[in-house]
Amino acid sequence: MSKNFDVVVIGGGPGGYIAAIRAAQLGFNTACIDEWKNDKGGPAPGGTCTNVGCIPSKALLQSSEHFEHAGHAFGDHGITLKDLAIDVPKMLARKASVVKQNNDGILYLFKKNKISFLHGRGSFVKAVDGGYEIKVAGAAEESLVAKQVIVATGSNARVLPGAPFDEEKILSNDGALRIGGVPQKLGVIGSGVVDWNWARSGAASARR
Ligand SMILES: Cc1cc2nc3c(=O)[nH]c(=O)nc-3n(C[C@H](O)[C@H](O)[C@H](O)COP(=O)(O)OP(=O)(O)OC[C@H]3O[C@@H](n4cnc5c(N)ncnc54)[C@H](O)[C@@H]3O)c2cc1C
């Protein structure tokens, strides 16, 4: 049997989860569907921003800035450190825990605002009387009927012709968050907010 909602939001990134929270706060019976999985296959709401974008990049940027300060700025304050080194696996583990805190925070906000969260892929089935039937394909298959649907499914990194992402030499923003060591040379194509983040973080870590 289908479950009925006033509003169903497909996508739980910053666009979707905030829309869902606002709809619930305005008194609409709301559900949010998101398919992002964490390493264990569990839900990881928050979309690109939380999982492979703003949050993890700032977590790494903060680590590389600490390193840069320790190596370059502390000396001016009369503080000297010997044997300064980066432990990249530890840096990545900290980043992962920051991401998880944010995933958990969004799940808490869903609960607090009485939003039904469904972990899986949402798709339109058909228009029905008074709304739309939405299928959720995931751990459990669900069928929902929504009077209104908000599509907030985000975007994907664009592959350049002839240079597909192998996440080793040619990295998307996702693979760039998982490099196992500090690259001594890094070419960045593009100069928007995403690319600028990487250029800054990479330069700070590689400078010695
Ligand atoms: C490295 C990097 C750094 C960034 N830094 C910043 C920053 O500092 N400040 C800033 O403002 N922005 C930053 N951004 C941009 C920001 O991440 C995006 O603007 C934001 O995530 C877009 O939000 P969204 O909700 O539209 O889409 P997304 O965050 O992409 O979320 C879409 C969600 O929908 C889900 N989804 C898609 N299709 C379906 C489906 N059919 N069923 C169920 N779920 C589905 C996806 O799994 C995803 O969870 C950064 C991005 C990157 C990559």
Side-chain angles (χ1 to χ4, degrees), residues 5 7-23 30-65 91-92 95-96 98-100 102-107 109-110 115-126 132-144 146 149-160 165 167 170-179 183 186-205:
F5 291 93
V7 177
V8 167
V9 183
I10 305 178
Y17 81 79
I18 289 172
I21 290 169
R22 191 69 190 127
T30 305
C32 182
I33 308 167
D34 189 82
E35 65 177 348
W36 206 296
K37 289 181 184 154
N38 61 26
D39 291 347
K40 297 186 176 93
T48 299
C49 179
T50 302
N51 294 295
V52 292
C54 333
I55 302 295
S57 66
K58 300 311 169 296
L60 292 178
L61 192 56
Q62 191 184 13
S63 300
S64 57
E65 276 183 346
M91 200 167 154
L92 292 176
K95 178 227 21 168
V98 171
V99 168
K100 184 165 185 322
N102 279 267
N103 296 141
D104 291 347
I106 295 166
L107 289 170
L109 288 175
F110 282 156
I115 295 162
S116 298
F117 174 69
L118 296 113
H119 187 213
R121 185 169 182 78
S123 55
F124 284 89
V125 178
K126 57 180 187 280
Y132 301 91
E133 186 183 337
I134 308 288
K135 186 177 88 176
V136 186
E141 194 112 327
E142 298 250 15
S143 173
L144 316 179
V149 182
I150 297 174
V151 178
T153 48
S155 57
N156 290 323
R158 182 156 52 98
V159 179
L160 293 183
F165 299 123
E167 304 299 9
I170 303 180
L171 304 160
S172 69
N173 58 291
D174 190 359
L177 286 162
R178 288 185 268 111
I179 312 177
L186 182 69
V188 181
I189 301 177
S191 60
V193 61
V194 173
D195 320 293
W196 176 81
N197 266 304
W198 293 124
R200 195 170 156 218
S201 183
S205 301

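In listed order, ligands and their atoms are each counted from 1.
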Original post:
Can you list the atoms of ligand 1 that are under 4.0 Å from a heavy atom of G120?
Top reply: 42 (N), 43 (C)
Original post:
What orientation do F110 and F117 show, parallel under 30°, tilted 30 to 60°, or perpendicular over 60°?
Top reply: parallel
**OP:** Using distance alone, with no hydrogens and no angle criterion, decide if N51 and D174 have a side-chain donor and acceptor under 3.5 Å apart.
**Re:** no
Subject >> Option with minimal heavy-atom separation from atom 8 (O) of ligand 1, where the choices are K37, K58, H119, R121 >> reply: K58
Original post:
For ligand 1, which atoms sit closer than 4.0 Å to a heavy atom of G47?
Top reply: 29 (O), 31 (O), 48 (C), 49 (O)
**OP:** For G122, take its heavy atoms, then give the atoms of ligand 1 lying under 4.0 Å from any of them.
**Re:** 40 (C), 41 (N), 42 (N), 43 (C)
Subject >> Option with minimal heavy-atom separation from atom 14 (N) of ligand 1, where the choices are P56, C54, A44, G53 >> reply: C54
Original post:
Which ligand 1 atoms does C49 reach within 4.0 Å, using its non-hydrogen atoms?
Top reply: 17 (O), 21 (O), 29 (O)
Original post:
Side chain, backbone, both or neither: which part of I10 has a heavy atom under 4.0 Å from ligand 1?
Top reply: side chain
Original post:
Just by distance, do the side chain of K95 and the backbone of L177 share a donor-acceptor pair under 3.5 Å?
Top reply: yes
Subject >> Shortest non-hydrogen separation from T48 to W36 and the atoms involved >> reply: N-CZ3, 3.6 Å
Subject >> Sub-3.5 Å N/O-N/O distance, P14 and ligand 1 >> reply: yes
Original post:
Is a side-chain donor or acceptor of E35 paired with a backbone partner of R121 at a separation under 3.5 angstrom?
Top reply: no
Original post:
G15 heavy atoms, cut-off 4.0 Å: which ligand 1 atoms fall inside?
Top reply: 24 (P), 25 (O)
Original post:
Ignoring hydrogens and geometry, is there a side-chain-to-backbone donor-acceptor pair from T50 to G47 under 3.5 Å?
Top reply: no
Subject >> E35 N/O to ligand 1 N/O under 3.5 Å >> reply: yes
Subject >> Check: K135 main-chain N/O paired with E142 side-chain donor or acceptor under 3.5 Å >> reply: no
**OP:** Would you mind listing which atoms of ligand 1 come within a distance below 4.0 Å of any non-hydrogen atom of S57?
**Re:** 3 (C)
Subject >> Which of the ligand 1 atoms, numbered from 1, are nearer than 4.0 Å to a heavy atom of N173 >> reply: 53 (C)
**OP:** Please report the closest heavy-atom contact between G122 and I33, naming both atoms and the distance.
**Re:** N-CG2, 3.8 Å
